[in-house]
Amino acid sequence: MKILSVVGARPQFVKLAPVATAMRVVGVEHVIVHTGQHYDVSMSDVFFRDLGIPAPDVHLAVGSGSHGRQTGAMLAGMDAVLEEHRPDWVLVYGDTNSTLAGTLSAVKMHIPLAHLEAGLRSFNRRMPEEHNRVLTDHAADLCLAPTEVAMRHLAAEGLTDRSLLVGDVMTDVLFSVRARVADEPVAVPAELDGHDFRVATLHRAENTDDEHRLRAIVESLSGLPVPTLLLAHPRLRARAHDFGIDLGAGSVVVADPLPYPQLVRAILASTGVITDSGGLQKEAFLLRRPCTTVRTETEWVETVELGWNTLVPDPADLGQALATPPPPPTDAAPYGDGAAAGRVVAAMLERAG
Ligand code: UD1
């Protein structure tokens, strides 16, 4: 059997890692297509290197652009790839523009489509990711859901027959990397050595592209008594530069995005996480570090219900939210047992042809 994975953005490389391993184990022929949505070494190559992912078989090198141009360039490149490889399945990951492009190209060519991380909803129709998810789930032949909540969303949209609960592959990769890095030194800037600090990331358009909001977030972070290690996504750096905002003001220490193993190590060394990333909300929970999420809603509602994630829609409230006592201990495992990737591949093998 031949499966063709379409990936292009940082979180997709993380999800691809355990899936690629599971395919190798059972001897599936695996073609990896990298759309080129993320192209900086720190946003792409380091993930392939550090997570032992085979080099992409095809690189579309589309780069940045408006949503339509970026998605369209990928779509234009995909036809020839699918004609050449004729896979039994196309597998798409998460909710980025690369996901949507892989989806449209597969269904137009009548190639069976599986969606990993199906059924997530923010119910915020201003998010580009929300449209990417909904459209992909409705086009897919197989919706591979990470959680019970995701299964309920799929059921509510009439997709139960095509849906399967497999668990979250990000748990697989996190558990294996955690075991590897626990005894390694922490790679944080010298000024944080020996100090308490929180890890922060910001990249969502609703936070980075609105000058007033970005200024308010940076101002709140800069006044916190515990220093913040801000791992700056290229989008954040570019917008801050455009708006003349100094990201490194006050108690904020700015650094480049970390390779995945070093990110896990840094979270373990931190007292908590501040983010707008979906992946990081879960990683914080799985590593049992409290998370504060600068958004109005989250797809990972379990983290909030269990008390380990606090949504802070208004950046002015960050200081107060971070001053609250730590959450109660829990052994809840809403994101599975770390063996989801094997179920993903088994489900596709079972349904092939
Ligand atoms: C994308 C995904 C988002 C995911 C995120 C992870 C969509 C709609 N959004 O957002 O769901 O959580 O990736 O990071 O697909 N840039 C670089 N170098 C790079 C990549 C991007 O400089 O390697 C810059 C580009 O100039 C671009 C900006 O970052 O303007 C945004 O990149 P883009 O791929 O459009 O979306 P992300 O914000 O990364």
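Throughout, numbering of the chain's residues begins at 1 and tracks the sequence. Whatever order the structure lists ligands and atoms in, that order sets their numbers, starting from 1. Just so it is clear, the structure is predicted and the values come from calculations on it, not from any experiment.
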Look at [atom] and say which protein heavy atom is nearest, naming residue and atom and giving the distance to 0.1 Å.
{"atom": "atom 2 (C) of ligand 1", "result": "T96 CG2, 3.8 Å"}
{"atom": "atom 1 (C) of ligand 1", "result": "Q37 NE2, 3.7 Å"}
{"atom": "atom 9 (N) of ligand 1", "result": "E129 OE2, 3.4 Å"}
{"atom": "atom 16 (N) of ligand 1", "result": "Y39 OH, 3.5 Å"}
{"atom": "atom 4 (C) of ligand 1", "result": "H203 NE2, 3.8 Å"}

Next on the checklist: Counting neighbours of NZ on K108 that are heavy atoms of other residues, nucleotides or ligands and sit closer than 6.0 Å, is the number greater than 12?
Outcome noted: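 Check fails, neighbour count at 12 or below.
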Next on the checklist: Out of H38, Q12, M127, who is nearest to atom 14 (O) of ligand 1 when you count heavy atoms only?
Outcome noted: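 The nearest heavy atom belongs to H38.
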Item to check | Selection from P234, S277, G279, A205 by shortest heavy-atom distance to atom 22 (O) of ligand 1 | outcome: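 Comparing heavy atoms across P234, S277, G279, A205, the nearest one to atom 22 (O) of ligand 1 lies in P234.
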Checklist entry - Of the non-hydrogen atoms in L75 and S105, which two are nearest, and what is the gap between them? => result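 Heavy-atom minimum between the residues: CD1-N, 3.6 Å.
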Which atoms of ligand 1 sit under 4.0 Å from any heavy atom of [X]?
{"X": "S64", "answer": "25 (C), 26 (O), 27 (C)"}
{"X": "Q70", "answer": "34 (O), 35 (O)"}
{"X": "M43", "answer": "23 (O)"}
{"X": "D95", "answer": "11 (O)"}

Checklist entry - Is any N or O atom of N97, backbone or side chain, closer than 3.5 Å to an N or O atom of ligand 1? => result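 Yes; at least one N/O pair falls below 3.5 Å.
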Next on the checklist: Using a 3.5 Å cut-off on N or O atoms only, is S98 in polar contact with ligand 1?
Outcome noted: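 Such a contact does not occur with ligand 1.
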Any chance the side chains of [X] and [Y] put a donor and an acceptor closer than 3.5 Å?
{"X": "T298", "Y": "T293", "answer": "no"}
{"X": "Y93", "Y": "S5", "answer": "yes"}
{"X": "S98", "Y": "Q70", "answer": "no"}
{"X": "R69", "Y": "S66", "answer": "yes"}
{"X": "Q281", "Y": "N309", "answer": "yes"}

Next on the checklist: Heavy atoms only, cut-off 4.0 Å: how does R235 contact ligand 1, side chain, backbone, both, or neither?
Outcome noted: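 Both backbone and side chain.
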Checklist entry - Using a heavy-atom cut-off of under 4.0 Å, does the side chain or the backbone of P11 touch ligand 1, or both, or neither? => result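 Under 4.0 Å from ligand 1, P11 contributes side-chain atoms alone.
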Item to check | Ring centres under 6.0 angstrom apart (F123, H153) | outcome: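 F123 vs H153: aromatic centres under 6.0 Å.
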Checklist entry - R213 and E211: salt bridge (Lys or Arg N to Asp or Glu O under 4.0 Å), yes or no, with the steps? => result CA-CA 6 Å; R213 189 167 167 85; E211 177 178 351; over 6 Å; no
Checklist entry - Cation over ring, R288 on F285, under 6.0 Å and within 45°? => result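 Verdict for F285: a cation-pi partner in R288.
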